[in-house]
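Worksheet: the structure to be examined is printed underneath.
Heavy atoms only: backbone and side chains are in, while hydrogens, waters and symmetry mates are out.
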Amino acid sequence: MGTNKDILLGKLRDGEALPSGGQIKLTFLLAVPAIFAQLAMCLMSFIDAAMVGRLGSAPAAAIGIVSTATWLFGSLCYANSSGFSVQIAHRCGAHDFGEAGTIFREGLFFTFLAGLILGGTAFAIGGPLPVWLGGGEDIVEDASGYFRIYAAFLPIFQIAVFCEASLIASGNLKFPSIVSMLMCLLDVGFNYIFIFLLDMGVEGAAIGTGLSELCAAAALLFYALRSSAELGGRRGRIRPFRDGRRSLRAAAGISWPLWIQNIVTRGAHVAATALVAPLGTIAIAANSFAIIAEGFCYLPGFGMQDAATTLVGQSLGAGRKNLARRFAWITICAGAVMMSCLAVLMWAFAPQIMGLMSRDPQVVALGAECLRIEAWAEMFFAVGIVGNGCCVGAGDTLVPSVVNVGCMWLVRIGLASLLIPHFGLQGYWIAMAVELSVRGLIFAARIRGDKWMKTNLLLSLDVEKRR
């Protein structure tokens, strides 16, 4: 007997009637585990920051100065995974589970190769990176060591991200969320051992996080391989690459705009770090901690984004365009309401939240001001997050990537360069709030139209399959 989620997903795939109540129920059955998974990831960042923050502002700034670069490489891992996970969602929606299993195995091979390339590149630039970003002599050595350890674990992280994305695309959000929560607990234990017991400081934080990712990747890989074997009907044996080029071409068509988007937008984050760095160690630490604290507001948005990608992808795979649109608006509205509620709490308790990560009163006060500025933009940010997930689920990545890139560079960085000289770190956060609001409005306008629901991806794959 299937679970409620499986029954509802079955109705979606079979073309059966799915009333509004069932649509909302299915949305939350998928979103709640994803929200808990996001919570675990936020807690990991929070724990790392809090533990390192106890060592002082300089170690915290060492991690903060390279944090945008870690986001850049991490986002490329997610972009690699999306190219294959969207295909898996479409295939599951079309009841073509055997092909979904094959695509998973091919994607595992190709994304791991990409992870090796990313890790090698990140390690090669790890030495000079903090200097390029304007870090002072007091933090350069720690920052470089932290980033190189992070780079060494990137191929492992890529495996974890791909397996997680593939399971989510198939409709299984429960297991990835459990693994994420366990990874958070492991991160606490490993960090305590390496940061404090072994007195490794900043580098200990990187090792602790990397080992927790290794454990998570092993669990996700084992489970995903077993699931894909069941989907493909070939338990215990990896199916040969019948035509790996076909899935790779489709993945490249989805991922290349995401690659460009992430390189350029994360490059904007790096540029923002370079703008903030001259403000000093206090500003760098406050900025880093405030970004981590704000992450708790993102939880419903990114949880709903995962649900939106799965539901839109499977609805279009089942040929149900109207249902895909309804799921898009359900997830967007739900994400906006929940993130708005959390924004109110973030505004009210900003000093207390910052105080959990730093003992420096200057860092706490400055970070709290930044959080209260950002709280006003969280509703629009939710629309942008979930709207982007809807587009990715449909295989529509080019236009959203252009929107994200344009907003980051033209609005955020352009405005920040004007405001930072006059308002300091608060000027950067004002620019960020304006940019997130503009981005949310643009995505709302795009979802209202029809062009984002691209069905040509699945149809083209069917044509090639029949050849």
Is the backbone N or O of Phe175 less than 3.5 Å from a side-chain atom of Asn172, with the two atoms forming a donor-acceptor pair by type? yes
Looking only at heavy atoms, which two atoms of Leu118 and Leu76 are closest? And how far apart? CD2-CD1, 3.7 Å
Has Tyr78 got a side-chain atom pairing as donor or acceptor with Val161's backbone, closer than 3.5 angstrom? no
Do you know which two heavy atoms are closest between Met338 and Pro300, and how far apart they sit? CB-CB, 3.5 Å
Is there side-chain contact between Leu441 and Val383, with at least one heavy-atom pair below 4.5 Å? no
Ignoring hydrogens, what is the shortest heavy-atom contact between Ala293 and Leu371? Give both atom names and the distance. CB-CD1, 3.9 Å
Test the Arg372-Trp347 pair against the cation-pi criterion, namely NZ or CZ under 6.0 angstrom from the six-membered ring centroid and within 45° of the ring axis. yes
Is there side-chain contact between Glu374 and Met432, with at least one heavy-atom pair below 4.5 Å? yes
How about Thr331 and Gln305: does a side-chain donor come under 3.5 Å of a side-chain acceptor? no
Under 3.5 Å donor-acceptor, Gln87 side chain and Gly83 backbone: yes
Is a side-chain donor or acceptor of Ser401 paired with a backbone partner of Pro257 at a separation under 3.5 angstrom? yes
Reference residue Phe104; test ring-ring contact (aromatic ring centres under 6.0 Å, His included); the match among Phe162, Phe97, Phe109: Phe162
Would you mind checking if Asp396 and Lys451 are paired as a salt bridge, meaning a charged N to carboxylate O distance below 4.0 Å? no
Would you call the rings of Phe381 and Tyr298 parallel, tilted or perpendicular, taking 30° and 60° as the class edges? perpendicular
With side chains defined as the heavy atoms from C-beta onward, is the minimum distance between Leu30 and Phe327 less than 4.5 Å? no
If you count the non-hydrogen atoms of other residues, nucleotides and ligands that lie under 6.0 Å from OH in Tyr223, is the total more than 12? yes
Indicate yes or no for a side-chain donor-acceptor contact from Arg412 to the backbone of Tyr428 under 3.5 Å, with no hydrogens or angles considered. no
Determine whether a donor-acceptor pair (N or O, by modelled atom type, separation under 3.5 Å) exists between the side chain of Arg91 and the backbone of Gly98. no
Arg326 side chain to Gln23 backbone, donor-acceptor under 3.5 Å: no
After noting the C-alpha distance and the side-chain angles of Ser81 and Gln158, does the key distance pass the side-chain hydrogen bond (donor to acceptor under 3.5 Å, both in side chains) rule? CA-CA 8 Å; Ser81 301; Gln158 175 69 85; 3.3 Å; yes
Heavy atoms of Ile88 and Ser170 approach each other most closely as CG2-N, 4.4 Å
What heavy-atom pair brings Ala328 and Ile447 nearest, and what distance separates the two atoms? CB-CG2, 4.2 Å
Does Thr310 reach the main-chain N or O of Ile168 with its side chain, forming a donor-acceptor pair under 3.5 Å? yes
Is the side chain of Gln314 donor-acceptor paired with the backbone N or O of Ala94 at a distance under 3.5 Å, no angle test? no
What I'd like to find out is whether the side chain of Trp452 reaches to under 4.5 Å of the side chain of Val399, using heavy atoms alone. no
Side-chain heavy atoms of Ile330 within contact of Leu311, under 4.5 Å: no
Return yes if a side-chain donor-acceptor contact under 3.5 Å exists between Thr111 and Asn80, otherwise no. no
Sub-4.5 Å side-chain heavy-atom contact between Phe194 and Leu211: yes
Are any non-hydrogen side-chain atoms of Met304 and Met339 less than 4.5 angstrom apart? no
Supply the atom-to-atom distance Leu342 CG to Glu294 CD, rounded to the nearest 0.5 angstrom. 11.5 Å
Heavy-atom closest pair, residues Cys297 and Met346: SG-SD, 3.8 Å
Between Ser212 (side chain only) and Leu186 (backbone N and O only), is there a donor and an acceptor less than 3.5 Å apart? no
